[in-house]
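For ligands, and for the atoms within them, numbers begin at 1 and follow the listed sequence.
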Amino acid sequence: MPEVHARRRAQAWARALDACPEATALLVTSLANVRYLTGFTGSNGVLLLSEDAALLGTDGRYAVQVVEQSPDLSVHLDRATLPAVTSVWHSGGGGVLAVESEHLSVSDLRALERVIGASPRETTGVVEACRMHKDASEIALIDRACTISDEALQAILPRIHAGVTEREVARWLEAQIFALGADELSFETIVAAGPNSAKPHHEPSPRPVEEGEFLLIDFGAAVGGYHADETRTFVIGEPADWQREIHAVVARAQEAGRATARADADLRSVDAAARSVIAEAGYAEFFDHGLGHGVGIEIHEAPFLGPRATGRLPAGSPVTIEPGIYLPGRGGVRIEDTILVAEGPSRSLTTSPRDLVVLG
Ligand code: ZN
Ligand code: ZN
């Protein structure tokens, strides 16, 4: 898709100039940003982007792949990729170099300064801002990843009952995700039983889930480099009153978050819409993370929804809405969907039932 990437590079360059008007080039060192702007997926890549040129650097391992994936670009191969590419640019006239300050190590910065004999200008979030709004082809991949995630979850639910372990559930779900055509997992599957469900990022263990416990499953498929992110919380056997209550509060908060997440909504106000439901129910202190995040080439990317977020939701941006209540030692509930922000009501790309489902 060379035209798509050329269009993205033009947009990114315009944003780079907004951030740093005197720049004559932007050195892109985030692999996700390199992929977005070039289509190249190797594990070593840097892009020197300027008004009328783009130079992609990698090393000899990717000599064939880089030509296949980025046939429209000039490529420079060198094991010391970053200083080598910068040196090519510098000796060709150079100028004022802008860098991605969040994606450059101190040692790479020093190497770069030795090449250009000056300190580069720092920018943050230039390409990430372009990536927030997804085009139709990107949305189609995320939609597919979300559909696979929903179908995989529904396929394994009948196998879950008291006595199965967190790890078994994770492996079943992952196998199903691949069987349905995913390229990779979005991230390491979280399956948390009983008190473990109160730890938002629990790793699946050999612990079996018991009768009367929560089972929280946070997972996702990835297709064509694009991710899905979904969480559902179940109960094994008859739920207790406290379990029904916190699940209902989280479900209401999640619905409020989804309803508020429209194009141009203030990021903080979306978080607040969900958080206030949890606070009014008396559980404010048990919801200790942001409401959601963008989903795309990376599983966590801009925009980030939280109490201290700044900015607005762009139309065409897939984001998660994932409130939770976590009661230490007892258990927790999180309900998470990947939704697509639109001018009118947002559309949820993950669609598994959100009411409290009893398993076993
Ligand atoms: Zn998740
Ligand atoms: Zn998430």
The Zn ion (ligand 1) contact by Glu336, N, O or S atom under 2.8 Å: yes
Check: Val169 and Thr189 side chains under 4.5 Å, non-hydrogen atoms: no
Shortest-distance N, O or S atom of Asp229 relative to the Zn ion (ligand 1): OD1
Between OG1 on residue Thr124 and NE2 on residue His103, distance to nearest 0.5 Å: 9.0 Å
Expected output: side-chain Ser30 to main-chain Asn33 donor-acceptor under 3.5 Å: yes
Atom name in Glu322, limited to N/O/S, at shortest distance from the Zn ion (ligand 2): OE2
N/O/S atom of His300 inside 2.8 Å of the Zn ion (ligand 2), strictly under: no
Whether Thr320 side chain and His293 backbone form a donor-acceptor pair below 3.5 Å: yes
His289-Tyr326 aromatic ring centre distance below 6.0 Å: yes
Minimum-distance atom from the Zn ion (ligand 1) among N, O or S atoms of Asp218: OD1
